[in-house]
Amino acid sequence: MSAFRDDLAIAGMADRDDYMDGRDRFEDMRTLREFIAEEASNRAALGSAKYEAMLQFYRWNAQNSALAYASVTTGSLAWLFDVPRRGVFNPFPKQWDTMFRSAPLRIELGELPTKPGESTQFKQRVQAEVAAFKQEWDWLMSPLAVPVALQLVVRPSPGMPRGVLHDLDNIVRDYLIPHFVPTFDTVSDFRWLFENMRDEKPATANRLWLDRMPPKGTRAGVTRYEAWRLPAAKKGEKGFVSAAIVLDDIVSGSLFQQIDRKIGEWAEKLD
């Protein structure tokens, strides 16, 4: 863990701007919303076929940008882990927690259950928050046009006994996936997003391996999930559980891969 924190501190310093720079991504969202709001006039001007094609393009572009922005970056993760501990890079750790939890496209789920009977309440809270998120963002999220992963960030409450710390894998599988997957129709493999292309554009379909589809019974799910447990909250503060549907960008890779790559890129610049 200490070696990971050291690497994260270096990668975070090399990548402080990513999390804050969301201007272009929000512009893509505004373009989609305006295009949908003016559907009648756009259909009349473009025709239904061209309108649907442009709508699909704008939705793909907006989801690609917005769901990448929703993801934790190396810079934001370094702040959440409070590294490096110099006070200069993270002068307001408590405020940063609040900013992160209230960021657009992230879902705040409160604290993890620690006592008998609280699991049911937590599941109900997850269900309610996911439903509220869908109502607010359905114009952007439905239907999904990009492969998505599920991301979880947990900060335990101060003094939480190790014996009641939840396994991260179980949190995702027991509490989150049963509500996220059916609500947003997320899929386990990117190929399910292009099913219709097999008949419409067979040459393109073959390049996307659509001739080798996974078994139908595996369709519902997420392409992957990623969970991070942060150091416990300080005395007098509350822990939290923050979840997000994020772009599963195979180019950027996991946060571990991003940390390695950013350190390598920074080292080359220094040389």
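For this chain, numbers begin at 1 and follow the sequence in order. Because the structure is a prediction, the values reported are computed rather than measured.
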With sequence neighbours excluded, tell me which residues meet ring pair (Phe, Tyr, Trp, His ring centres under 6.0 Å) with W60.
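Listed in chain order: nothing, the list is empty.
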
Sub-6.0 Å ring centroid separation between W228 and F256:
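W228 vs F256: aromatic centres under 6.0 Å.
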
[X] side-chain N/O to [Y] backbone N/O, donor-acceptor pair under 3.5 Å:
| X | Y | result |
| --- | --- | --- |
| S76 | V72 | no |
| S188 | V222 | no |
| R155 | P231 | yes |
| Q63 | L247 | no |
| H179 | A128 | no |
| Q257 | S254 | yes |
| Q151 | V246 | no |

Can you label the angle between the F81 ring and the F4 ring as parallel, tilted or perpendicular, going by 30° and 60°?
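Answer is perpendicular, since the angle exceeds 60°.
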
Parallel, tilted or perpendicular, judged at 30° and 60°: which one describes the rings of Y51 and F35?
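Parallel, since the angle between the ring planes stays under 30°.
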
Using 0.5 Å steps for rounding, measure from the NZ atom of K123 to the CD atom of Q127.
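Rounded to the nearest 0.5 Å, the NZ-CD separation comes to 11.0 Å.
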
With sequence neighbours excluded, residues passing salt bridge (charged side-chain N to carboxylate O under 4.0 Å, His left out) with [X]:
| X | value |
| --- | --- |
| E265 | R261 |
| E34 | none |
| R33 | none |
| D6 | none |

Give me the atom names and distance for the closest heavy-atom approach of [X] to [Y].
| X | Y | result |
| --- | --- | --- |
| A70 | L105 | CB-CB, 3.8 Å |
| L193 | P147 | CD1-N, 3.3 Å |
| V146 | N64 | CG1-N, 4.2 Å |

Do any pairs count as a salt bridge (Lys or Arg N to Asp or Glu O under 4.0 Å) and have a residue in [range], sequence neighbours left out, and if so which ones?
| range | value |
| --- | --- |
| residues 125-137 | K134-D138 |
| residues 176-186 | D185-R219 |
| residues 168-182 | D169-R173 |
| residues 51-60 | R43-E52 |

Please list all pairs meeting side-chain hydrogen bond (donor to acceptor under 3.5 Å, both in side chains) that have one or both residues in residues 238-247, counting only residues at least two apart or in different chains.
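Only R106-S242 qualify under side-chain hydrogen bond (donor to acceptor under 3.5 Å, both in side chains).
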
Going by side-chain hydrogen bond (donor to acceptor under 3.5 Å, both in side chains), name the residues that satisfy it together with T31, two or more places apart in sequence or in a different chain.
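side-chain hydrogen bond (donor to acceptor under 3.5 Å, both in side chains) check on T31 returns nothing, list empty.
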
Output all residues satisfying side-chain hydrogen bond (donor to acceptor under 3.5 Å, both in side chains) with E111, sequence neighbours left out; order by chain, then residue number.
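Expected list: S157.
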
How about E38: does its CD atom have over 12 heavy atoms from other parts shown lying under 6.0 Å from it?
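For E38, atom CD is crowded (more than 12 foreign heavy atoms under 6.0 Å).
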
